[in-house]
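Here the structure is laid out as structure tokens; the discussion comes afterwards.
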Amino acid sequence: MLSATYRDANQPTTDKSCLLQYRAVPMPSQWQMEMSLSPRSPLILILMRRSFSNHLESTVVNQKEKEDPHPHVIKWNKAIACHMRLGHLARAQQLFDQMPRTTLSLSSYNTMLSGYVSNSHFAHAISLFSRMPSRDIISYNTMLSCHVRSGHLLTARQLFDQMPVKDQVSYNTMISAYARHGLLHQAKELFDQAPLTNNISWNGLLAAYIQSGNFQLAKQLFQSKPKWDVISWNSIIAGYVQQKQMCEAKKLFHKMPYRDIVSWNTIISGYAQSGDMTEARRLFDIMPVEKDVFTWTAVLSGYAKNGNVEEAMNIFEKMPQRNVVSWNAIIAACMQNRRFNEAKKLFDQMPCRDQVTWNTMLTAYGNAGMIQEAREMFYKMPHRDTVSWSAMLAAYSQVGLSEEVLQLFREMFSGGTKANCSAYACVLSTCADMATLNYGTQLHGQLFKVGYGMGCFVANVLLAFYFKCGSMDDAQKAFDEMHERDTVSWNTMISGYARHGFGWKAWEVFDLMKQTQIKPDDITLVGVLSASSHTGLVDKGISLFYTMEQVYGITPKPAHYTCMIDLLGRAGRLKEAQSLVKEMPFEPEPTTWGALLGASRVHHEPEIGIWAAEKIFELEPNNTGMYVLLSNLYASYGKWSDVLKTRVLMGERGVRKVPGFSWIEVKNKVHVFSVGDSAHPDKQRIYQFLEELDLKMKKAGYVSATEIVLHDVEEEEKVHMLRYHSERLAVAFGILNVPLGRPIRIIKNLRVCEDCHNAIKYVAKIENRLIVLRDSNRFHHFSGGSCSCGDYW
DNA sequence: GTAGGGTTAG
């Protein structure tokens with residue numbers, strides 16, 4: 001009777017009597033909420049009916065419980081299982097407790113146990129397991145899957161090793177657990193040890209090859225076995241999708257003997273992820289099997305990734321069934337397209353939120369630089385996982401709150417959360433911004449201890465860190481130690497050397513790169529071109545630019561043009577640079593104009609510079625770096641009223657001054673000079689000091705900044721500053737007028753132009769106590785390997 | 001009690 005009702009409800013039918021029947025059943029509040037949020041389509045009713053049949057089953061079970069005062073153990077167990085399936089944990093627990101002790105069997109325990117596990121109540125499962133009077137192989141296997149699902153692979157393995165008896169299920173559980181974590185070696189070992197293997201074991205092995213990135217071996221394995229089931233086909237297709245080989249995936253999809261819902265979902269999501277929404281949509285519309293929540297979510301997230309929020313929202317509204325994942329996807333879509341209010345509304349409406357929901361909100365606020373909102377999410381969320389911590393670190397790091405990044409990183413440890421690659425990467429890049437070589441080097445050591453080593457993408461961040469601190473030897477050493485190198489690693493080395501004025505070194509790395517399997521991309525060429533321009537390798541640069549399309553198949557992008565204009569500009573070929581700007585097949589970017597502006601200053605072509613500056617302000621009226629460049633240009637011609645005007649303009653337009661830094665125009669050759677420190681323990685004091693310094697500069701009518709630094713600071717404060725500057729985090733800029741391709745001398749980790757009088761005077765004056773040049777991520781307009789004013793990257 | 005597909009961090 002019961003099963004008949006259930007089977008009936010599974011059939012897509014238009015019979016309204018079914019629905020009437022369900023009206024008698026009280027609807028759980030969560031479903032009511034879902035119903036009120038979803039449009040009432042016929043499809044929705046069918047699906048709702050299906051979930052109601054489950055509910056009905058449980059109601060019938062409840063009624064039977066009342067009718068039968070002494071139910072048989074099977075009935076008890078069935079009722080418990082039913083409540084568990086519906087997530088009614090409390091009710092299941094209640095029934096279990098009510099069971100007469102004489103009736104209670106091992107299978108009742110097992111039913112409870114698996115109920116807890118499938119509802120992700122791992123702690124309950126563990127506690128119950130420890131209290132069980134006896135255990136059979138099923139209890140052990142359930143426990144195994146409990147540890148696996150909660151991500152505790154080591155615990156699972158311990159249990160597996162201790163198990164009195166192991167069967168095929170135990171082996172398969174472990175094999176696929178290893179497979180999911182990409183641990184090929186362990187998976188293969190168990191597969192070879194298993195006394196019996198079935199389809200599930202083979203599929204586990206196949207998944208292990210795919211997840212560990214050994215797709216070649218996966219393909220071989222797939223070809224070597226003549227018969228596979230639909231799951232194997234789906235896995236190998238998913239593998240092709242992962243490898244972004246959609247043509248192959250499509251071929252196999254057509255070749256496979258039988259396609260189930262998962263096959264369709266895999267191929268559709270493949271197209272959706274690769275950005276081909278027309279094909280994804282076409283397949284979605286023609287698929288002959290009934291769509292499930294995965295299908296809808298795949299299409300939804302595809303539209304979301306393409307930035308088509310309208311279509312995503314459309315899909316979301318049409319979805320007959322929604323779960324947390326679909327809600328998360330639509331929220332992410334809104335957030336990524338800066339529709340914050342809409343996203344927040346959806347977030348508030350959601351029937352239930354999970355960790356990913358909170359993380360999605362947090363991440364998106366962080367990416368948008370909305371630090372207050374991000375912080376609110378972070379502290380409000382019920383639980384913080386590694387993603388949450390990393391996202392918050394990234395949020396702080398992005399807006400330049402370096403001190404907060406380090407503080408949060410410490411909190412993370414003291415709270416017992418282990419840092420992962422992302423967290424390390426974030427903190428390392430913060431160290432790079434702060435030029436805190438010591439702390440970064442410590443992190444480098446820690447990375448090895450924790451076992452992330454160099455395989456992970458952190459290594460690339462480490463390279464960038466060493467370069468930003470001017471420590472090229474360390475970068476080279478780290479690069480040499482890397483097991484694997486990807487395009488980013490090579491690019492970091494090339495642009496790192498380029499940035500420090502080691503153009504030949506950059507070319508050397510580039511030549512080595514060409515000998516490997518890894519192909520140069522557009523960023524590589526930007527690095528090489530900029531290396532050429534900073535080292536005066538004009539002809540090499542020009543020839544690369546004009547052959548890049550032919551040799552490397554890379555069409556010049558705006559960044560390449562900018563490099564070329566910089567290169568020609570530095571070489572004094574301003575007219576050529578100017579005509580290249582005009583020839584560009586796209587609208588020049590602010591940085592392109594900036595390159596021209598910088599060059600015009602060095603080579604005394606003020607008209608071109610001012611023309612470029614006007615263009616920049618049309619495009620970006622709030623570009624701080626450009627204002628400074630323009631003031632430099634005016635300053636170098638002694639046009640002090642224009643310098644002042646520019647400064648006033650900045651104030652009027654509300655151009656943001658970056659915290660921790662201040663800048664001042666000076667009458668002599670050092671045009672812009674600033675002292676600041678975002679990592680000083682007494683930050684307030686430094687800020688105050690800078691403000692005062694700024695005021696005094698104005699009052700004093702442009703006296704040298706160094707004079708003020710040395711005269712107006714109390715002796716104690718001076719000593720304090722000098723100590724911390726030399727030992728910890730010296731951050732200062734001196735923008736100097738240096739022509740093309742000058743050698744750089746390294747003092748400690750800081751670089752000074754050997755040929756530049758100002759620099760030498762400057763350093764001589766301050767000795768190694770206070771300030772030298774350095775490169776900083778956010779101030780790249782100021783900085784430079786060849787420490788030239790108006791240097792451009 | 002074990003296998004394949006959809007959402008979040010750098």
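Quick caveat, the model's predicted, so the values are computed rather than measured. The chains referred to below are lettered A, B, ... by the order of the sequence lines, with proteins before strands, and numbering in each begins at 1.
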Classify [X] by what it touches in the nucleic acid, base, sugar-phosphate, or nothing, heavy-atom distance under 4.0 Å.
X      : result
A:A394 : sugar-phosphate
A:R353 : nothing
A:N110 : nothing
A:D229 : base
A:R180 : sugar-phosphate
A:T173 : sugar-phosphate
A:D260 : base
A:D354 : nothing
A:K305 : sugar-phosphate

Euclidean distance, atom [atom1] of residue [X] to atom [atom2] of [N] [Å, nearest integer]:
X      : N      : atom1 : atom2 : answer
A:L113 : B:dT2  : CG    : C1'   : 15 Å
A:L362 : B:dA9  : CG    : P     : 10 Å
A:Q273 : B:dT8  : CD    : C1'   : 13 Å
A:I331 : B:dA9  : CD1   : P     : 14 Å
A:M412 : B:dG10 : CE    : P     : 13 Å
A:Y209 : B:dA3  : OH    : P     : 20 Å
A:L153 : B:dT2  : CG    : C1'   : 14 Å
A:I237 : B:dA3  : CD1   : P     : 20 Å

Should A:Q398 be listed as having a side-chain N or O under 4.0 Å from OP1 or OP2 of B:dA9?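 For A:Q398, the contact criterion (side-chain N or O under 4.0 Å from OP1 or OP2 of B:dA9) is not met.
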With a cut-off of less than 4.0 Å, is there a side-chain N or O of A:N367 near OP1 or OP2 of B:dG10?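 For A:N367, the contact criterion (side-chain N or O under 4.0 Å from OP1 or OP2 of B:dG10) is met.
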Nearest heavy-atom pair of A:A419 and A:M412: which atoms, and what distance?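 Scanning both residues, the minimum pair turns out to be CA-CE, 3.4 Å.
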Of all the choices, [options], which nucleotide is nearest to the side chain of [X] once you look at every atom?
X      : options              : answer
A:S176 : B:dT8, B:dT2, B:dG6  : B:dT2
A:V169 : B:dA3, B:dT2, B:dG6  : B:dT2
A:I200 : B:dT7, B:dG10, B:dT2 : B:dT2

Only distances under 3.5 Å count here; give the side-chain donor-acceptor pairs of residues 366-377 of chain A to other protein atoms, sequence neighbours excluded, each with its distance to 0.1 Å.
unit_1, atom_1, unit_2, atom_2, d
A:Q372, OE1, A:R375, NH1, 3.4
A:R375, NE, A:Y396, OH, 2.9
A:E376, OE2, A:K380, NZ, 3.2

Would you indicate whether the side-chain heavy atoms of A:W228 and A:L206 approach each other to under 4.5 Å?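 Yes, side chains in contact.
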Report the residue from A:Y424, A:F378, A:F413, A:F409 that forms a ring pair (Phe, Tyr, Trp, His ring centres under 6.0 Å) with A:W389.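 Checked A:Y424, A:F378, A:F413, A:F409 against A:W389; only one passes ring pair (Phe, Tyr, Trp, His ring centres under 6.0 Å): A:F378.
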Would you say A:N199's side chain and A:W202's backbone share a donor-acceptor pair under 3.5 angstrom?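 Checked: no pair found.
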Is there a donor and acceptor pair closer than 3.5 Å between the side chain of A:N420 and the base of B:dG10?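 It does not, because no donor-acceptor pair links the side chain of A:N420 to the base of B:dG10 below 3.5 Å.
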On the 0 to 90° scale, with breaks at 30° and 60°, tag the A:W264-A:F253 ring pair as parallel, tilted or perpendicular.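 It falls in the perpendicular class, over 60°.
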